[in-house]
Amino acid sequence: MTTEPPQDAQPSVDELRAEHEQRAFIDRRLAEMFAPEDEAQRAALAALDANSMPHISISPVEGRLLQVLAAACGAKKILEIGALSGYSGIWLARALPKGGRLISLEVSEKHARVARESLVRARLGDRAEVRVGPAEVSLGTLVTEAPFDLIFIDADKPGYPTYLDWALRLTRPGSIIVADNTVRGGGVLADPLPEGATPDTRALAEYNRRVANDPHLLAVALPIDEGGTDGFTIAVVLESFAGAPSAETQA
Ligand code: SAH
Ligand code: DHB
Ligand code: MG
């Protein structure tokens with residue numbers, strides 16, 4: 001006779017609360033230990049309310065992850081799509097070596113101004129610039145400035161598949177392509193998607209599907225934000241892919 005509860009027993013309210021507190025503790029300590037914010041980063045977030053802008057910046061740990069990835073690929077040129085108030089831009093620009101460049105694309109004139117102010121406040125005005133206009137247009141002007149070592153996609157969600165097309169053109173083997181909001185509560189992972197799926201959901205699902213299956217990319221999606229319900233898709237551009245048939249074996 002065992003005292004184990006049956007396998008399908010629902011967790012109690014106390015168990016759920018304990019689990020929630022454990023997650024909150026882990027999130028808080030990881031942010032404190034690995035991603036403490038300074039005055040300039042706090043000011044970039046404060047600028048959101050001051051300018052009636054939405055609270056949709058990346059988290060501190062996500063900012064730190066972008067820096068780890070930038071350092072890992074020796075990034076000297078970084079492209080960001082979606083600046084908002086410059087919060088993620090501060091994390092990215094700080095990962096650059098002397099002489100490095102961050103270009104951030106932003107459709108809103110107001111957001112671009114606020115982002116520039118944040119970057120200047122962080123003393124990054126010499127290495128970071130914000131270009132105003134729809135990214136789908138600006139991207140076409142960047143060919144002469146490519147390849148970028150890291151591209152961070154975080155703008156309008158229906159644009160993600162187009163941004164991936166451009167990212168593949170504007171990178172080199174060894175470059176890293178990161179996209180935010182690709183987990184989105186799990187709805188974008190449903191297969192098949194429900195009939196009523198929104199354009200955002202469809203585009204994010206397509207983004208993940210393409211990145212996961214492209215033989216020129218080595219990729220993973222990680223739930224790292226909002227209690228593990230949203231996160232990044234991270235892809236490295238490969239020279240050649242060991243898992244793909246070579247030209248010879250295809251003959
Ligand atoms: N990366 C920022 C958050 C970006 S929020 C941070 O973490 O700090 C998304 C931003 O994308 C908004 O500022 C929005 O104005 C911008 N955006 C939306 N559609 C766009 C488009 N077509 N081209 C460029 N930027 C766009
Ligand atoms: C939302 C969050 C984001 O990170 C983003 O880029 C766009 C929208 C949101 O929660 O609505
Ligand atoms: Mg985002």
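Indexing begins at 1, ligand by ligand and atom by atom, following the structure's order. Hydrogens, waters and symmetry mates play no part in the numbers below; they use all other heavy atoms, side chains included.
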> Can you find an N/O atom of Ile56 closer than 3.5 Å to an N/O atom of ligand 2?
Replying inline: yes

> At the Mg ion (ligand 3), what is the angle formed between atom OD1 of Asp154 and atom OD1 of Asn181, rounded to the nearest 10°?
Replying inline: 100°

> Are Asp191 and Arg209 within salt-bridge range, i.e. N to O under 4.0 Å?
Replying inline: no

> If hydrogens are left out, which of Gln41, Glu106, Glu80 has an atom nearest to atom 14 (C) of ligand 1, that is, the closest non-hydrogen atom?
Replying inline: Glu106

>> Please list, in number order, the atoms of ligand 1 under 4.0 Å from a heavy atom of Ala135.
In response: 21 (C), 22 (N), 23 (N), 24 (C)

> Which of these, Ile81, Val107, Leu139, has its nearest heavy atom closest to atom 25 (N) of ligand 1?
Replying inline: Val107

> Do the charged groups of Arg131 and Glu129 touch, with an N to O distance under 4.0 Å?
Replying inline: yes

> Is any N or O atom of Leu84, backbone or side chain, closer than 3.5 Å to an N or O atom of ligand 1?
Replying inline: yes

> Tell me: protein heavy atom nearest atom 8 (C) of ligand 2, and distance?
Replying inline: Arg184 NH2, 3.2 Å

>> Walk me through whether Phe232 and Ile58 qualify under side chain to side chain contact (heavy atoms under 4.5 Å, CB included).
In response: CA-CA 10 Å; Phe232 282 176; Ile58 58 167; 4.3 Å; yes

> Taking N or O atoms only and a 3.5 Å limit, does Ile58 qualify as a polar contact for ligand 1?
Replying inline: yes

>> Is it true that Thr141 and Ser138 share a donor-acceptor pair across their side chains at a distance under 3.5 Å?
In response: no

> Would you say Glu136 has any N or O atom under 3.5 Å from an N or O of ligand 1, going by distance alone?
Replying inline: yes

>> Could you report the tightest heavy-atom contact between Ala219 and Ala235, atom names first, then the distance?
In response: CB-CB, 3.8 Å

> With a cut-off of 4.0 Å, which atoms of ligand 1 are near a heavy atom of Ile56?
Replying inline: 3 (C), 5 (S)

> Can we say Glu206 and Arg202 salt-bridge, meaning some charged N sits less than 4.0 Å from an Asp/Glu carboxylate O?
Replying inline: no

>> Counting only heavy atoms closer than 4.0 Å, does ligand 1 sit against the backbone of Trp91, its side chain, both, or neither?
In response: neither

>> Just checking Tyr207 against Tyr163, ring centres under 6.0 Å apart?
In response: no

>> Which residue and atom name correspond to the protein heavy atom nearest atom 5 (C) of ligand 2, and how close is it?
In response: Asn181 OD1, 3.2 Å

> Has the side chain of Ser85 got a donor or acceptor atom that lies under 3.5 Å from a matching backbone atom of Ala44?
Replying inline: yes

>> Does only the side chain of Asp230 get under 4.0 Å from ligand 2, or the backbone, or both, or neither? Count heavy atoms.
In response: neither

> Heavy atom of Glu62 under 4.0 Å from ligand 2?
Replying inline: no

> Between Asp230 and Ile224, is there a donor-acceptor pair closer than 3.5 Å when you use the side chain of the first and the backbone of the second?
Replying inline: no

>> Give me the nearest non-hydrogen protein atom to atom 3 (C) of ligand 1 as residue plus atom name, then the distance to 0.1 Å.
In response: Asp154 OD2, 3.3 Å

>> Please name the atom of Asp180, limited to N, O or S, that comes nearest to the Mg ion (ligand 3).
In response: OD2

> Between the side chains of His55 and Asp49, is a donor N or O closer than 3.5 angstrom to an acceptor N or O?
Replying inline: yes

> What part of Pro54, side chain, backbone, both or neither, has a heavy atom within less than 4.0 angstrom of ligand 1?
Replying inline: neither

> Quick one: do Asp126 and Arg101 make a salt bridge, cutoff under 4.0 Å?
Replying inline: no

> How about Thr233 and Asn208: does a side-chain donor come under 3.5 Å of a side-chain acceptor?
Replying inline: yes

>> Which residue and atom name correspond to the protein heavy atom nearest atom 18 (C) of ligand 1, and how close is it?
In response: Asp156 N, 3.7 Å

>> Taking 4.0 angstrom as the limit and counting only heavy atoms of Lys157, give me the atoms of ligand 2 inside it, by number and element.
In response: 5 (C), 6 (O), 7 (C)

> So, is Ser57 placed with an N/O/S atom under 2.8 Å from the Mg ion (ligand 3), counting both backbone and side chain?
Replying inline: no

> Do Arg113 and Glu109 sit within salt-bridge range, that is, some charged N less than 4.0 Å from a carboxylate O?
Replying inline: no

> Going by the order shown, which atoms of ligand 2 are within less than 4.0 Å of some heavy atom of Asp180?
Replying inline: 4 (O)

> For ligand 1, is there an N or O atom under 3.5 Å from any N or O atom of Ser85?
Replying inline: no

> When you check the gap from the basic side-chain N to the acidic O, do Glu19 and Arg23 get nearer than 4.0 Å?
Replying inline: yes

> Under 4.0 Å from any heavy atom of Pro134, which atoms of ligand 1 are there?
Replying inline: 23 (N)

>> Using heavy-atom distances only, which candidate in Gly82, Ser108, Ser57 approaches atom 11 (O) of ligand 1 most closely?
In response: Gly82

> Heavy atoms only: which of Gly86, Ser88, Ser104 is nearest to atom 2 (C) of ligand 1?
Replying inline: Ser88

> When you check the side-chain N and O atoms of Lys157 and Asn181, is any donor under 3.5 Å from an acceptor?
Replying inline: yes

